[in-house]
Amino acid sequence: MGRDQMLLRSLLFVPAANGRALEKSDGLPADGLIYDLEDSVAPEAKDEARERLREHLGKSRFAGIRIVRVNPLVLREGTEDLLMARGAGVDAVLLPKVEGADALNEAARALDEMDAPAKLRLWAMIETPRGILKAEKIARKGVRGRLSAFVVGPNDIRLATNVRPGPERTELLPWLMQIVLAAKANGIDVLDGVYGDFRDAEGFARECDAGRRMGFDGKTLIHPSQIAPANAAFGPSDAEIAEAERIAAAFERPENADRGVIQIDGRMIERLHLTEARRVLAQRDAIVARSATN
Ligand code: 1VU
């Protein structure tokens with residue numbers, strides 16, 4: 001799928017050490033699953049979790065995109081995770097705590113040596129002060145390799161900085177926008193961080209809405225109950241679809257064929273709005289197609 005059609009509204013972390021969660025994840029309506037071998041797996045359980053995940057991926061029928069979060073590649077576990085992910089044919093490998101382009105280059109080189117297909121992409125977690133400061137350089141250099149998305153890691157940011165974000169995340173806004181901007185400047189996707197209080201539906205919906213307004217393409221999740229609200233928040237609303245259809249129809253009229261700018265109900269509409277409208281309609285079509293696979 002091209003970038004514009006790829007659905008990234010909801011990406012659920014699934015702890016690979018939890019057999020019940022793995023089993024359940026197959027039938028969930030998330031746009032993607034991030035199988036976690038890193039933070040959610042205890043050090044002594046890493047090898048067992050990897051084997052469990054390998055077996056699961058071999059028989060999984062999940063219809064969305066599949067990502068494996070590996071351990072740092074400086075560890076034996078990280079290299080073995082990467083090998084397993086390559087063999088399982090997943091869509092992307094998520095690297096933790098990326099702080100420079102070197103980590104991406106190293107992972108890309110390792111994947112090349114494993115003869116991994118070019119469609120196997122790298123995603124990078126930006127979750128440390130240095131990672132945030134270097135986000136633009138990481139994105140710029142990473143896209144020459146396999147990098148296709150940033151994922152914000154709020155828990156590690158909090159741990160490393162002592163910042164205590166309130167409900168509106170005001171304290172984090174400059175850092176979050178810096179990550180979004182670095183991603184957009186280099187044409188990669190960017191996913192908002194997890195919301196830990198999974199029983200707080202109101203707070204979660206508020207954070208999703210804010211995330212979409214900030215330009216995030218979707219949200220990473222920790223619990224199945226967060227999938228439907230994230231899909232709703234990061235998908236186009238009925239009003240946005242109706243507006244996109246009007247704009248597309250207006251530019252299709254013969255009298256507007258050569259016009260760069262028209263008006264609809266007293267509002268200036270340019271061809272860039274048509275581009276945006278087509279993106280909304282493509283996303284709508286992808287959502288319909290994704291729903292048919294659930
Ligand atoms: O009712 P069932 O037995 O059918 O299933 C339970 C439970 O197994 C399932 N479930 C999940 N399934 C797939 N993926 C998940 N992430 C997941 N979480 C739960 O849903 C049913 C209801 O669960 P529950 O409400 O009883 O909740 P639990 O006590 O089972 O689980 C709560 C936690 C928070 C432990 C669980 O949701 C979880 O482990 N979440 C993911 C944690 C994780 O991956 N952390 C690392 C990534 S976050 C990060 O690093 C920040 C960047």
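Numbering of ligands and ligand atoms starts at 1, following listing order.
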Please give me the minimum heavy-atom distance between [X] and [Y], naming the atom from each residue.
X	Y	result
Arg146	Arg121	O-NE, 3.1 Å
Arg290	Leu28	NH2-O, 3.7 Å
Gly235	Ile287	CA-CD1, 4.3 Å
Met214	Met177	O-CE, 3.4 Å

Practice task
Mind checking side chain to side chain donor-acceptor pair (under 3.5 Å) for Asn231 and listing every partner two or more places apart, or none if nothing turns up?
Solution key: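 Expected list: Ser10.
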Exercise for the section: Could you tell me whether the side chains of Asn155 and Glu127 share a donor-acceptor contact shorter than 3.5 Å? Expected result: no
For ligand 1, which of its N or O atoms have a protein N or O partner closer than 3.5 Å, and how long is each gap?
| from | atom 1 | to | atom 2 | distance (Å) |
| --- | --- | --- | --- | --- |
| ligand 1 | 3 (O) | Arg20 | NE | 3.1 |
| ligand 1 | 4 (O) | Arg20 | NE | 3.1 |
| ligand 1 | 4 (O) | Arg20 | NH2 | 2.4 |
| ligand 1 | 4 (O) | Lys24 | NZ | 3.2 |
| ligand 1 | 16 (N) | Phe13 | O | 2.8 |
| ligand 1 | 16 (N) | Ile222 | O | 2.8 |
| ligand 1 | 23 (O) | His223 | NE2 | 3.4 |
| ligand 1 | 25 (O) | His223 | NE2 | 2.8 |
| ligand 1 | 37 (O) | Ile222 | O | 3.1 |
| ligand 1 | 40 (N) | Ile222 | O | 2.8 |
| ligand 1 | 50 (O) | Arg69 | NH1 | 3.3 |
| ligand 1 | 50 (O) | Arg69 | NH2 | 2.9 |

